[in-house]
Amino acid sequence: MSTLYLIRHGATEANLRHLYCGSTDLPLSESGKKDLRALSYSVSGARFITSGMRRTDETLKILFGDVPRTVELGLREMDFGIFEMKSYEELKDTAQYQAWLRGDNEKNTAPGGESGQMMQRRALCAFETIRQENLDTVIVTHGGVIAAVMARLFPEEKRSRYDWQPKPGYGYALTENGFRPIP
């Protein structure tokens, strides 16, 4: 079996400011770039895939150099619709935000965006296509996507999707024997 590396992109200003950021195409922050340069990955003979978002492409280049990559749009983060680039503090008193949070917010669709379940279906479909190709692959993507994949593959861990989200620049190596955190 091949090894699949799931790596979360480096930090952006939206991450640092705790903003909902999924579909907004942001670059890495200067501190995010610095943190990535301190990490060490050693992967040879693998292909590289990103979500095509600027933050994933910049992360790939910092961690692995100027390598060829394929873009898989299904690996993009959840689209938060009208909540994009806003914080909890900015939204907490609005009726639309409260309605989105009530009940099962995995099923609730962000106005103008998508639900957690919609993102999970999209991302898992893209991931399964990649996995079936059985090639060593480095995937630089988003925290929500990684969490969705890990929760699906390892339900016996009894972790929520949020518990699986790695820190920026970190992730998991998946093999036939399970997973290990990386770097």
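When reading the values below, keep in mind they use all heavy atoms of this one structure, side chains included, and skip hydrogens, waters and symmetry mates.
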Under a single-linkage definition using a 4.5 Å side-chain heavy-atom cutoff for Ile, Leu, Val, Met, Phe, Trp and Tyr, are Val67 and Val71 assigned to the same hydrophobic cluster?
no
In the structure I gave you, are the side-chain heavy atoms of His18 and Ser87 within less than 4.5 Å of one another anywhere?
no
Closest non-hydrogen atom pair between Tyr97 and Phe83, with its separation:
CA-CZ, 3.6 Å
Is there a side-chain contact (heavy atoms from CB on, under 4.5 Å) between Phe48 and Thr70 once you walk through the steps?
CA-CA 6 Å; Phe48 298 91; Thr70 302; over 6 Å; no
Taking all non-hydrogen atoms of both residues, which atom of Pro183 and which atom of Gly169 are closest, and how far apart?
CD-O, 4.3 Å
Are the charged groups of Arg54 and Glu58 less than 4.0 angstrom apart, N to O?
yes
Identify the heavy atoms of Leu28 and Gly10 that sit nearest to each other, and give their distance.
CD2-O, 3.2 Å
SG on Cys21 to CD on Glu13, rounded to 0.5 Å:
11.0 Å
Just so I know, are the side chains of Val145 and Met119 near enough to count as touching, which here means a heavy-atom distance under 4.5 Å?
yes
Do any N or O atoms from the side chain of Ser51 and from the backbone of Leu73 form a donor-acceptor pair under 3.5 angstrom?
no
What do the steps show when you test Ile62 against Lys33 for side-chain contact (heavy atoms from CB on, under 4.5 Å), and what is the final call?
CA-CA 7 Å; Ile62 290 170; Lys33 291 176 187 178; 3.8 Å; yes
Arg37 and Asp35: CA distance, side-chain angles, deciding distance, side-chain contact (heavy atoms from CB on, under 4.5 Å) verdict
CA-CA 5 Å; Arg37 289 185 191 106; Asp35 292 346; over 6 Å; no
Go through the steps for Gln120 and Glu106 under the test side-chain contact (heavy atoms from CB on, under 4.5 Å), then give the verdict.
CA-CA 9 Å; Gln120 289 174 48; Glu106 287 296 313; 2.5 Å; yes
When you compare the side chain of Leu36 with that of Leu63, does any pair of heavy atoms fall below 4.5 Å?
yes
Tell me whether Leu135 is reachable from Tyr41 by hopping between hydrophobic residues (I, L, V, M, F, W, Y) whose side-chain heavy atoms are closer than 4.5 Å.
no
So, Thr24 side chain and Leu26 main chain: donor-acceptor pair closer than 3.5 Å or not?
no
Decide whether His142 and Thr56 meet the rule of one side-chain donor and one side-chain acceptor closer than 3.5 Å.
no
Single-linkage hydrophobic cluster, 4.5 Å side-chain cutoff, Ile182 and Leu75 together
no
Hydrophobic cluster identity match, Val140 and Val43, side-chain contacts under 4.5 Å:
yes
Using modelled atom types and a 3.5 Å cut-off, is there a donor and acceptor pairing between side-chain atoms of Trp100 and backbone atoms of Asn108?
yes
Pairing of Arg69 and Asp57 as salt bridge, 4.0 angstrom limit
yes
Can you name the closest pair of heavy atoms from Ser29 and Leu16 and give their distance?
OG-CD1, 3.6 Å
Does Thr141 use its side chain to pair, donor to acceptor, with the backbone of Ile139 at less than 3.5 Å?
no
List the atom of Pro168, the atom of Ala11, and the distance in Å for their closest heavy-atom pair.
CB-N, 3.5 Å
Output for pair (Leu101 CG, Lys92 NZ), nearest 0.5 Å, gives 12.5 Å
Exceeds 12 heavy-atom contacts within 6.0 angstrom, atom CZ of Arg152
no
Going by heavy atoms in the side chains, are Met118 and Thr109 under 4.5 Å from each other?
yes
Is there a donor-acceptor contact under 3.5 Å from the side chain of Asp79 to the main chain of Glu114?
no
Please report the interatomic distance OH(Tyr20) to CE(Met78), rounded to the nearest 0.5 Å.
8.5 Å
Do the side chains of Thr3 and Leu174 get nearer than 4.5 Å, heavy atoms only?
no
Under 4.0 Å between a side-chain nitrogen and a carboxylate oxygen: does that hold for Glu128 and Arg131?
yes
Would you call the rings of Phe179 and Trp164 parallel, tilted or perpendicular if under 30° counts as parallel and over 60° as perpendicular?
perpendicular
Glu72 side chain to Ile49 backbone, donor-acceptor under 3.5 Å
no
Applying the 4.5 Å side-chain criterion to the ILVMFWY set and letting contacts propagate, would Leu19 and Leu91 be lumped into a single cluster?
no
Glu77 side chain to Gly144 main-chain N or O, any donor-acceptor pair under 3.5 Å?
yes
Beyond-backbone contact of Pro111 with Gln96, side-chain heavy atoms, under 4.5 angstrom
yes
Give a yes/no verdict on a cation-pi contact between Lys167 and Tyr170, requiring under 6.0 Å between NZ or CZ and the six-membered ring centre and an angle within 45° of the axis.
yes
Write down the atom of Tyr172, the atom of Arg159, and the distance for their closest heavy-atom approach.
OH-NH1, 4.1 Å
Taking the side chain as every heavy atom from C-beta outward, state whether Leu6 and Met150 have any atom pair closer than 4.5 Å.
yes
Would you find a donor on one side and an acceptor on the other, under 3.5 Å apart, between the side chain of Glu84 and the backbone of Ser23?
yes
Short side-chain to backbone donor-acceptor contact, Gln165 and Ile146, under 3.5 Å
no
When you compare the side chain of Arg122 with that of Arg76, does any pair of heavy atoms fall below 4.5 Å?
yes
